[in-house]
Amino acid sequence: MLVALCAAGVTVLIDVRDGRLPAIVHWGPELPGLDATEAETLAGAAEPVPGSNNLEPVPRPSVLPEHHLGWTGRPGIRGSYAGSGWSPFFTATGVRLNGEPVDGFAASGPGVLEVTAADGDRLGVTVLIELLPTGLLRTRATLTNHAADIYQLDDLVLALPIAAEAAELLDFGGRHNLERRPQRSALTTGTHLRENRKGRTGADSAYVLHAGTPRFGFAGGSIWAVHTAWSGNHTHYAERVFTGEQHLGGGELLLPGEVRLATGDSYDSPWLYGSFGTGLDEVARRFHRHLRAREPRVTADRPVTLNVWEAVYFEHDLDRLLDLAERAAAAGIERYVLDDGWFGARRDDHAGLGDWVVSPEVWPRGLHPLIDRVRELGMRFGLWFEPEMVNPDSDLARAHPEWIMAAREEWPVESRHQQVLNLGIPGAYEHVKAQILAILDEYDIGYVKWDHNRDLIEAGTRTDGGRPGVHEQTLAFYRLLDEIRAAHPGLEIESCSSGGARVDLGVLERADRIWVSDNIDPHDRQSMLRWTTQLIPPEFMGSHIAAGASHTTGRRHDLSFRAATAVFGHLGVEWDLAQATEAELHELSEWIAFFKEHRGNLLDGDLVRMDTADEDILVHGVVSRDREHALFALVALDSVAPDPPARLRLRGLDPARRYRIRPQLAGAARSAPSHGSGAGFGNAPAWWGADGQGVTLSGAALEHAGLAFPRIRPDQAVLCRLDAKEELA
Ligand code: GLA
């Protein structure tokens with residue numbers, strides 16, 4: 001049996017012949033005219049030729065590669081019945097495409113292939129391979145133990161084959177305050193392995209692992225990429241074996257003894273997503289379209305949000321917070337989020353975590369006086385929680401020390417003075433759920449910032465001999481989000497984890513926004529926003545304007561650069577507005593008005609990132625889906641080099657239409673002269689025109705001929721607006 005799936009310019013041809021698990025023959029550009037004969041011919045013609053001393057035939061590994069076929073790379077399943085049954089030999093028992101049994105050749109547009117298979121009467125497996133309407137491929141497996149003995153599963157990974165020309169890798173590293181730093185390397189024989197044992201996605205997660213033709217960029221190169229949609233321990237890997245075959249794979253990383261299947265028990269792997277595209281923008285766009293099709297939808301009219309954290313930290317003073325609310329509303333802000341410090345004994349980060357009861361000491365009348373005023377001012381209200389965490393100095397830890405995750409009698413090493421609440425223990429789970437629901441029932445809260453501020457180290461269940469519990473914890477976290485959302489339909493959730501350490505497609509099935517980083521310095525944010533969009537679209541990225549002097553780096557930046565950086569995500573403000581001058585407040589309100597005018601495109605259009613000759617010059621923008629409007633940012637992170645700079649080119653426009661391109665001056669830059677030196681730039685290019693009206697040029701000319709690049713000073717940005725004028729004759 002051969003099955004072809006085709007969607008959004010991608011074809012996947014899957015070989016399910018000879019009772020084997022599904023193996024991918026082709027995953028890449030669309031293959032027109034792929035009928036039964038062509039599929040059969042291709043599947044045969046693409047079979048590798050054995051070299052000297054090779055197995056014959058050379059094994060074509062399935063998406064769950066099996067050792068018994070002669071595959072010596074990483075197997076899909078590792079586990080055993082106390083040492084026996086360690087090399088499963090699966091025989092397919094059923095093949096269904098979109099629910100219908102397959103016989104011979106079957107084809108579909110977007111669709112899902114389901115293959116069930118058995119290893120004798122011991123193990124059963126169901127493998128799903130789905131091509132989504134966006135052209136995104138995803139696969140997962142469910143393993144079931146039918147034997148009387150316990151089967152210990154040590155590892156289950158899925159793997160997607162990639163072309164031999166994909167010789168260069170791109171994935172990510174990073175740390176707190178500097179998330180998602182891109183790193184490139186060669187794909188050579190062996191394994192590029194990214195393992196995560198942090199119990200959360202991680203600031204240094206591989207995020208999206210790409211393999212592409214050498215020097216692939218935003219616009220060019222054939223690129224295959226994978227993402228493991230899981231918020232607990234996980235792996236991503238790229239593997240090249242001696243026969244030259246290459247894979248990208250991933251799955252959950254299981255701790256020793258974490259998954260032991262008794263008779264009838266099953267293990268569900270997370271989804272492994274695959275995106276193929278020409279250039280990184282196309283790879284990212286498939287992920288974006290997928291998240292944009294998610295229910296409930298995140299819409300482009302999201303409210304501009306104020307978060308009070310960098311304004312007040314733990315100093316919860318009602319008058320000060322009310323004053324902040326007045327100033328926020330006056331500036332045009334539409335949602336007010338109260339951060340850490342409102343509950344229990346949480347006056348700093350040493351105590352109170354885990355006690356989700358409003359502090360009567362700080363809030364004698366509860367949160368009502370604040371929330372009532374916020375609502376009167378026409379803003380929505382949001383509240384911070386960190387439900388999976390506990391300070392040892394808390395009522396919860398004193399009452400239930402056994403609810404804290406630990407692999408031994410002693411508690412694990414502390415991080416930010418906190419330990420982890422074991423959500424795998426039903427009592428602990430119900431306790432925290434009840435406390436959160438009580439707050440949500442009492443107050444008018446439409447938004448929760450859900451934080452998670454430490455790695456899970458030695459995360460076991462003390463009451464069960466210290467058995468590892470990260471797998472259960474991750475599932476319980478998902479269940480808790482699902483149950484809270486079900487109890488409060490319409491509640492929005494922001495996924496925060498020491499900034500941006502929990503960003504993945506698992507959590508984003510249930511969260512509507514992620515906090516990119518605790519570092520709001522726009523110089524660093526330019527890169528973090530740019531690369532965070534490799535997986536998620538702008539409207540999911542919390543993107544704030546903070547104080548002029550960054551609380552993280554100490555660097556100072558003009559409001560125009562802070563704002564021109566932040567408007568390419570879901571805009572927020574995180575700044576003590578009582579410290580802002582009247583001029584700054586006025587400029588801020590202008591930027592907020594600008595964002596509201598453009599958010600329909602900024603948070604809905606297609607993202608474009610240009611490849612530039614100078615890595616300190618960034619050009620990125622958003623083009624509306626109908627190609628009518630676009631907004632681009634030209635950013636200098638350092639002095640422009642070379643001199644003169646390369647031309648400004650813009651992609652993603654309709655080549656057969658003419659556009660007016662003009663500088664879009666907002667905030668202080670509005671008053672800058674269009675020629676000569678002004679805020680943020682030196683000499684303006686002639687194409688700005690004396691009146692800032694710009695010029696009209698075709699999309700093709702803008703992409704291929706380009707314009708003179710404006711002289712931009714370091715750490716400044718200029719926005720350009722494009723509006724379609726006419727079709728070319
Ligand atoms: C984490 C978050 C911050 C803030 C603090 C509160 O660091 O990333 O945004 O909420 O916790 O303690």
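- For residues 410-419, the pairs satisfying salt bridge (Lys or Arg N to Asp or Glu O under 4.0 Å) are D349-R416, with sequence neighbours left out.
- Among R181, R184, R194, the single residue meeting the salt bridge (Lys or Arg N to Asp or Glu O under 4.0 Å) criterion with D171 is R194.
- Side chain of D348 to main chain of H350: a donor-acceptor pair is present (N/O by atom type, distance under 3.5 Å, no hydrogens or angles).
- D524 and Q526 share no side-chain donor-acceptor pair at under 3.5 Å.
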_E472/L423 under side-chain contact (heavy atoms from CB on, under 4.5 Å): CA gap, chis, key distance, verdict_ = CA-CA 8 Å; E472 275 307 315; L423 298 181; over 6 Å; no
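- Using cut-offs of 30° and 60° for the angle between ring planes, the Y478 and W230 rings count as perpendicular.
- The existence of a salt bridge linking D155 and R74 is confirmed by a sub-4.0 Å separation between a basic side-chain nitrogen and an acidic carboxylate oxygen.
- Screening residues 480-489 for side chain to side chain donor-acceptor pair (under 3.5 Å) gives Y429-E483, K433-E483, D441-H488, D482-R510, R485-D512 as the qualifying pairs, with residues at least two apart or on separate chains.
- Atom CD of Q419 is separated from atom CG of L396 by 12.0 Å, given to the nearest 0.5 angstrom.
- Note that CD of E239 is 10.5 Å distant from CG of L248, once rounded to the nearest 0.5 Å.
- Summarising the local packing, CD of E402 is surrounded by more than 12 heavy atoms from other residues, nucleotides or ligands at distances under 6.0 Å.
- A centroid separation of 6.0 Å or more is found between the aromatic rings of W342 and F314.
- In this structure a side-chain-to-backbone donor-acceptor pair under 3.5 Å is missing from T533 to I536.
- Aromatic rings from H290 and H288 are positioned such that their centres are separated by 6.0 Å or more.
- Between the side chain of Q435 and the backbone N or O of W356, at least one donor-acceptor pair lies under 3.5 Å.
- For the atom pair C496 SG and E386 CD, the distance stands at 8.5 Å (nearest 0.5 Å).
- The closest donor-acceptor contact from the side chain of R513 to the backbone of H570 lies under 3.5 Å.
- The closest side-chain heavy-atom distance from I223 to L280 is below 4.5 Å.
- Annotation: cation-pi pair R502/F477 present, NZ/CZ under 6.0 Å from the ring centroid and within 45° of its normal.
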*Determine, step by step, whether I129 and L137 satisfy the side-chain contact (heavy atoms from CB on, under 4.5 Å) criterion, reporting the C-alpha distance in whole Å, the side-chain angles of both residues, the deciding distance to 0.1 Å, and the verdict.*
CA-CA 7 Å; I129 301 178; L137 180 66; 3.8 Å; yes
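- Atom OG1 of residue T553 and atom CG of residue N177 lie 9.0 Å apart, to the nearest 0.5 angstrom.
- Ring-plane geometry between W86 and H67 is classed as tilted, the angle between the planes lying from 30 to 60 degrees on a 0 to 90 degree scale.
- Between L353 and V390, every side-chain heavy-atom pair lies at or beyond the 4.5 Å cut-off.
- Taking a cutoff of 4.0 Å between a charged side-chain nitrogen and a carboxylate oxygen, R175 and D204 do not qualify as a salt bridge.
- Judged by distance alone, the side chains of D355 and S394 never bring a donor and an acceptor atom under 3.5 Å apart.
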_Residue pair W531, V516: steps toward the side-chain contact (heavy atoms from CB on, under 4.5 Å) verdict_ = CA-CA 10 Å; W531 289 112; V516 173; over 6 Å; no
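- One finds a salt bridge joining R408 and E458 here, because a Lys/Arg side-chain nitrogen approaches an Asp/Glu carboxylate oxygen to under 4.0 Å.
- Within the 4.5 Å cutoff, the side chain of S87 has heavy atoms near those of the H68 side chain.
- Counted by atom type alone, D521 and T552 present zero donor-acceptor pairs between their side chains at under 3.5 Å.
- In this structure, F172 and H210 have perpendicular ring planes: the angle between them is above 60°, well past the 30° mark.
- Between V283 and A225, the shortest heavy-atom contact is CG1-CB, 3.8 Å.
- Side-chain contact between T228 and L505 is absent, with no heavy-atom pair separated by less than 4.5 Å.
- For the residue pair R346/N391, the side-chain donor-acceptor check at 3.5 Å is satisfied.
- Ring pair H227/F287 is perpendicular by interplanar angle, where above 60° counts as perpendicular and below 30° as parallel.
- For the pair R462 and E409, the salt-bridge criterion is met [side-chain N within less than 4.0 Å of a carboxylate O].
- In this structure, a donor-acceptor pair under 3.5 Å is present between the side chains of E494 and Y447.
- Side chains of Y267 and E252: a donor on one and an acceptor on the other come within 3.5 Å.
- Contact detail for L491 and I445: the closest heavy-atom pair is CD1-O, 3.6 Å.
- Taking a cutoff of 4.0 Å between a charged side-chain nitrogen and a carboxylate oxygen, D268 and R140 do not qualify as a salt bridge.
- Y273 and W271 have tilted rings, their planes meeting at an angle from 30° to 60° on a 0 to 90° scale.
- Side-chain contact check for M541 versus L529: some heavy-atom pair is nearer than 4.5 Å.
- Counting only N and O atoms by type, the side chains of S498 and R200 include a donor and acceptor under 3.5 Å apart.
- Between L187 and Q246 the shortest side-chain heavy-atom distance falls below 4.5 Å.
- Annotation: the span from W403 atom CH2 to L421 atom CG amounts to 7.5 Å, rounded to 0.5 Å.
- When all heavy atoms of L123 and F90 are compared, the pair lying nearest together is O-CE2, 3.8 Å.
- Of the inter-residue distances, the one linking L253 atom CG with T235 atom OG1 reads 6.0 Å to the nearest 0.5 angstrom.
- In this structure, R260 places its CZ atom where only 12 or fewer heavy-atom neighbours from other residues, nucleotides or ligands lie under 6.0 Å away.
- In the model, R180 has a side-chain atom that pairs as donor or acceptor with a side-chain atom of T532 under 3.5 Å.
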*asked:* Applying salt bridge (Lys or Arg N to Asp or Glu O under 4.0 Å) to R347 and E361, what does each step give before you reach the verdict?
replied: CA-CA 10 Å; R347 302 293 78 80; E361 175 198 336; 3.7 Å; yes
*Would M405 and Q473 satisfy side-chain contact (heavy atoms from CB on, under 4.5 Å), going step by step from the backbone distance to the final call?*
CA-CA 10 Å; M405 298 195 92; Q473 182 80 355; 3.8 Å; yes
_Trace of the side chain to side chain donor-acceptor pair (under 3.5 Å) decision for D265 with N145_ = CA-CA 6 Å; D265 285 353; N145 179 25; over 6 Å; no
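- No side-chain heavy atom of Y81 sits under 4.5 Å from any side-chain heavy atom of I150.
- Taking all atoms of both residues into account, the shortest heavy-atom contact from P412 to A406 is CD-CB, 3.9 Å.
- With hydrogens and angles left out, the side-chain atoms of Q418 and N453 include no donor and acceptor closer than 3.5 Å.
- For an aromatic pair to be called close, the ring centres must be under 6.0 Å apart, and W450 with F385 fails this.
- Between the side chains of W384 and D451, at least one donor N or O lies within less than 3.5 Å of an accepting N or O.
- Annotation: side chain of H146 is not in contact with side chain of T263 (no heavy-atom distance under 4.5 Å).
- Taking the six-membered ring for Trp and the full ring otherwise, the centers of H247 and W71 sit less than 6.0 Å from each other.
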